[in-house]
Amino acid sequence: MSSQKSLLERLVSSSVTIANAAGEIICDVMKKGDLGIVQKEHLKDLQTEADREAQLCIVSSLNKYFPNITIIGEEDETVGSTGGKIVDISRDTPVNITVPDNYCNINEKEVVVWVDPLDGTSEYTQGLLDHVTVLIGIAVNGKAIAGVIHQPYFNYKNPGNKLGRTIWGVVGGVVGGMEIKSPPVDRYIVATTRSHASSTVNEAISSVSPDEVLRVGGSGHKVMLLLEGLAHSYVFASPGTKKWDTCAPQAILEAAGGSLTDICGEILPYAASAPHRNSKGVLATAAGQDHLALAAKIPQQVKDNLIA
Ligand SMILES: Nc1ncnc2c1ncn2[C@@H]1O[C@H](COP(=O)(O)O)[C@@H](OP(=O)(O)O)[C@H]1O
Ligand SMILES: [Mg+2]
Ligand SMILES: [Mg+2]
Ligand SMILES: [Mg+2]
């Protein structure tokens, strides 16, 4: 490990600060009370002022400090945004990041950053605020290698405790910002969508015989449940999520010893040219779970139903 800060270390550390600032924007929009909701592709696909403003801030700030990286954000795929508020990346105390030697010499042109400025928009509009996360995922050579998950409303049901927290991790390094916990050994808990269910989604869940199903919003929030030991797996047999939903959660989960793939157990590609849509669904497991054995339990007709 070199003593000088590598690009990846600077990028993860800056992304923590930028995600914190995006979380403040999300809370400010909610406080003002006018969410400015617009419908995107369909009735259950919403965008708010918070999604727009948080993305503008994240993309403008990353562009300013890392001008040669590729950034792909949920809210306007063509945006080369420079118009948003630039976050002062020296405003927060830098976090400790472990970067394995093989990631010490990455250059900006190799980096693709997948940005979901507000994951769990449906739940945000319905006041289920602890389902909301800000996701900044970092990919190199088509692989999710690092990520930041910010929970702006962590602890909002426990007033008196510090509101919000940020988790970060590099694959092959360690996870910071939280303590990783193991799920219970005497029962099997599955997390899945709350607002985008379908018969195929439910068939996949039944096939893994859960004792309990947690129907909650957001890919970031569901992966947080795996990291906190509150669920064993995240099962979503639907083509609904996109690469910005899974890149950051996948990298952090893998850094913690877990796995995230499509529903068949195959790896998700994160190059700039990769399809945005995770057309074969999402399957994620906490550390210590047999990921491929779980993928094998998903019925073939469920897998065949998903568009390749
Ligand atoms: N059918 C669908 N259409 C559009 N987006 C979908 C979708 N199914 C899942 N998603 C997106 O995937 C993320 C996780 O979904 P869910 O909460 O249902 O598990 C959410 O991200 P956003 O909130 O960032 O849009 C959600 O909008
Ligand atoms: Mg969305
Ligand atoms: Mg999302
Ligand atoms: Mg989003």
Side-chain angles (χ1 to χ4, degrees), residues 19 22-23 25-26 29-30 35-59 71-77 79 81 113-137 147-153 190-202 204-205 213-226 230-231 233-250 253 260 262-263 268 275-284 305-307:
I25 292 172
I26 290 168
V29 171
M30 181 54 77
L35 298 190
I37 299 171
V38 297
Q39 191 181 308
K40 298 204 290 183
E41 284 173 17
H42 54 80
L43 265 178
K44 288 183 171 176
D45 190 9
L46 306 177
Q47 185 198 67
T48 71
E49 183 69 12
D51 298 74
R52 292 186 286 276
E53 287 302 314
Q55 166 143 332
L56 196 56
C57 168
I58 295 168
V59 176
I71 305 168
I72 306 175
E74 174 179 1
E75 300 311 339
D76 181 352
E77 294 167 21
V79 80
S81 301
V113 178
W114 295 90
V115 175
D116 188 342
L118 196 169
D119 185 50
T121 300
S122 291
E123 286 69 26
Y124 178 71
T125 64
Q126 293 167 42
L128 296 166
L129 300 178
D130 49 346
H131 299 210
V132 168
T133 58
V134 177
L135 305 176
I136 302 179
V148 171
I149 300 178
H150 172 61
Q151 296 178 291
Y153 293 102
V190 173
T192 194
T193 183
R194 177 185 160 272
S195 53
H196 299 96
S198 67
S199 55
T200 309
V201 165
N202 290 333
I205 293 165
V213 180
L214 303 176
R215 296 185 186 271
V216 297
S219 296
H221 178 47
K222 283 187 270 292
V223 167
M224 285 304 305
L225 295 179
L226 301 183
L230 296 172
S233 62
Y234 164 16
V235 180
F236 187 54
S238 156
T241 72
K242 308 260 176 73
K243 293 295 176 302
W244 43 76
D245 293 304
T246 49
C247 186
Q250 177 173 339
L253 186 60
L260 189 152
D262 71 17
I263 203 84
L268 297 172
H276 290 176
R277 191 173 287 283
N278 292 321
S279 55
K280 285 187 166 179
V282 175
L283 187 72
N305 263 347
L306 298 175
I307 311 147

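Along the sequence shown, residues are numbered consecutively beginning with 1. No experiment lies behind these values; they were computed from the predicted model shown. Just follow the structure's listing: the first ligand is 1, and inside any ligand the first atom is 1.
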Taking the side chain as every heavy atom from C-beta outward, state whether Arg194 and Leu128 have any pair of such atoms under 4.5 Å apart.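 A side-chain contact under 4.5 Å exists here.
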Run through the protein N/O/S atoms less than 2.8 Å from the Mg ion (ligand 4) and write them out by chain and number. Glu74 OE1, Asp116 OD1, Leu118 O
Ligand 1 versus [X], non-hydrogen atoms closer than 4.0 Å: side chain, backbone, both, neither?
X	result
His42	side chain
Trp244	neither
Asp116	side chain
Glu74	side chain
Thr192	neither
Asp119	both

Donor-acceptor under 3.5 Å ([X] side chain, [Y] main chain):
X	Y	value
Lys280	Leu306	no
His131	His221	no
Arg52	Gly36	yes

Numbering the atoms of ligand 1 from 1, which are under 4.0 Å from a heavy atom of [X]?
X	value
Thr193	16 (P), 18 (O), 19 (O)
Gly217	17 (O)
Thr121	23 (O)
Ser195	18 (O)
Lys222	16 (P), 17 (O), 19 (O)

Within-shell test, [X] vs ligand 1, heavy atom, strictly < 4.0 Å:
X	value
Leu118	yes
Lys40	no
Gly120	yes

Given Tyr124, which partner from the list Leu46, Leu118, Ile37 fulfils the side-chain contact (heavy atoms from CB on, under 4.5 Å) test? Leu118
Here's a test for you: under side-chain hydrogen bond (donor to acceptor under 3.5 Å, both in side chains), which of Asp245, Asp262, Thr246 qualifies with Asn278?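 Of all the options given, the one that passes is Thr246.
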Out of curiosity, [X] [atom1] to [Y] [atom2], how far, rounded to the nearest 0.5 Å?
X	Y	atom1	atom2	value
Gln126	Thr121	CD	OG1	11.0 Å
Leu214	Thr192	CG	OG1	10.0 Å
Lys222	Leu225	NZ	CG	8.5 Å

Would you say Glu75 and Gln47 are linked by a side-chain donor-acceptor pair, where the criterion is simply a distance under 3.5 Å? yes
Any chance the side chains of Thr48 and Asp51 put a donor and an acceptor closer than 3.5 Å? yes
Relative to atom 5 (N) of ligand 1, which among Ser238, Ser122, Gly240 owns the nearest non-hydrogen atom?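 It is Gly240 that holds the nearest heavy atom.
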Output, in order, the C-alpha distance, side-chain angles, deciding distance and verdict of side chain to side chain contact (heavy atoms under 4.5 Å, CB included) for Ser122 and Lys44. CA-CA 7 Å; Ser122 291; Lys44 288 183 171 176; 5.5 Å; no
What's the shortest heavy-atom distance between Ile25 and Glu53, and which atoms? CG2-CB, 3.6 Å
Looking at Thr133 and Pro152, what are the two nearest heavy atoms and their distance?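 It is CA-CD, 4.3 Å.
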Can you tell me which residue and heavy atom of the protein come closest to [atom], and the distance to 0.1 Å?
atom	result
atom 1 (N) of ligand 1	His196 CD2, 3.7 Å
atom 13 (C) of ligand 1	Asp245 OD1, 3.5 Å
atom 17 (O) of ligand 1	Gly218 N, 2.6 Å

Assess whether side chain to side chain contact (heavy atoms under 4.5 Å, CB included) is satisfied between Leu283 and Val235, documenting all intermediate values. CA-CA 5 Å; Leu283 187 72; Val235 180; 3.8 Å; yes
